Protein chains: 2
Amino acid sequence: MVILDSESNVPLYLQLRTQIIESIVRGELAKGDTLPSVRALAGDLGINMHTVNKSYHELESKGIIKIVPKKGAVIIADAKKHALKQQYENLVEDLRPVVAEGLVYGLSEADFQQLISSIISKIKEESS
Amino acid sequence: MVILDSESNVPLYLQLRTQIIESIVRGELAKGDTLPSVRALAGDLGINMHTVNKSYHELESKGIIKIVPKKGAVIIADAKKHALKQQYENLVEDLRPVVAEGLVYGLSEADFQQLISSIISKIKEESS
DNA sequence: GATTTGTTATAGTGAAAGTAGAACAAAGGT
DNA sequence: ACCTTTGTTCTACTTTCACTATAACAAATC
């Protein structure tokens, strides 16, 4: 179940990308499953086909799905495997400014551990 | 010492904002210190005054500095104090999509702890 | 009194985000 | 074979964001 907020300052294609990622984390989408076609999903969500297409390509660039032209988008992410070096480096790049912000607020390393733990729980709640 | 990359896909005002935050975390800037004037810093960095101004207002909206018109920008962040509720919630909002991405790559909670730890070390290295 | 300060206003360029419509070739279903 | 669906590609448009540029203002500083 995907819910988009067109009023959000977060672009639609990023909202969609993140929600698909979280669905995979929850196990609602598993390795080998195929995503709906860009036209079908765009129709369901009431947004443009190209916006969905952009989300799919975001996921493909991260190595999470594989888009096979005229076939469909297949999930290849495997939560049991270890992250690739490139994926790890991209994570660090995204994480660093947020961690710096937390530190300047006075968060300790232990605070971060607790924060991460609660976020993971939140993501894994179904019907999120 | 601030170094900006005009080729980066990260906006200049966000690069500057993050580097000021990291300087505070490292202790190079302390509570009560004043930042250079927007004109002076813009001149040093070779960018426009308004870009620096935008960074300062970003920092003020996060409660990290206080801008006093005709006076200067004073650092009010105190790493010894605990984060405010609003600051905490903003952190969660920024962190969630990145954590979800890490999970889909197969990172465990322990992996995240190690990752955070290494990022904190990296931020605290002087001459970063 | 002259300089510096942050603020405000206007204006412009370039890129990104999103929408829209159309056409294409290939795969799939009938 | 025929038709539909598929992802891709192209053009085109609007809106917003990022950044620069110049100017003027009032208040603080020296």
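Below, chain A is the first sequence line, B the second, and so on; all start at residue 1. Predicted, not measured: the structure shown is a model, and the values here were computed from it.
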With B:Glu22, which of B:Leu29, B:Val2, B:Ile123 fulfils side-chain contact (heavy atoms from CB on, under 4.5 Å)?
B:Ile123
Under-4.0 Å side-chain N/O to phosphate OP1/OP2 contact, B:Asn53 with C:dT7:
yes
Near DNA chain D, counting only heavy atoms under 4.0 Å, which residues of residues 55-65 of chain A show up?
A:His57
One thing to verify: whether A:Glu101 and B:Lys62 come together as a salt bridge, which I'm taking to mean a side-chain N less than 4.0 angstrom from a carboxylate O.
yes
Are A:Ser37 and D:dT6 close enough that a side-chain N or O sits under 4.0 Å from OP1 or OP2?
yes
A:Glu89 atom CD, over 12 foreign heavy atoms within 6.0 Å
yes
Spacing of A:Ser121 atom OG and B:Glu109 atom CD [to the nearest 0.5 Å]
7.0 Å
Between atom CE in B:Met49 and atom C1' in C:dT10, what is the gap in whole Å?
13 Å
Output one line per pair: protein atom, nucleotide atom from nucleotides 24-30 of chain C, and distance, for all N/O pairs under 3.5 Å.
from   : atom 1 : to      : atom 2 : distance (Å)
C:dA25 : N3     : A:Lys70 : NZ     : 3.3

About how many Å separate CD of A:Gln15 and OG1 of A:Thr51, when rounded to the nearest 0.5 Å?
11.0 Å
Tell me whether the count of non-hydrogen atoms from other residues, nucleotides or ligands lying under 6.0 Å of CD in A:Gln114 goes above 12.
no
I need the B:Thr34 OG1 to B:Ile67 CD1 distance, nearest 0.5 Å.
12.5 Å
For the CG atom of A:Asp111 and the CD1 atom of A:Ile116, what is their distance to the nearest 0.5 Å?
11.5 Å
Return the CG to OG distance between B:Leu14 and B:Ser55, rounded to the nearest 0.5 Å.
7.0 Å
Distances under 3.5 Å only, N/O to N/O: pair up the protein atoms with those of nucleotides 15-19 of chain C.
from   : atom 1 : to      : atom 2 : distance (Å)
C:dA17 : OP1    : A:Tyr13 : OH     : 2.9
C:dA17 : OP2    : A:Lys54 : NZ     : 2.9
C:dG18 : OP1    : A:Leu12 : N      : 2.5
C:dT19 : OP2    : A:Thr51 : OG1    : 2.6

Mind checking the OG1-CD spacing from B:Thr18 to B:Glu58? Nearest 0.5 Å is all I need.
8.5 Å
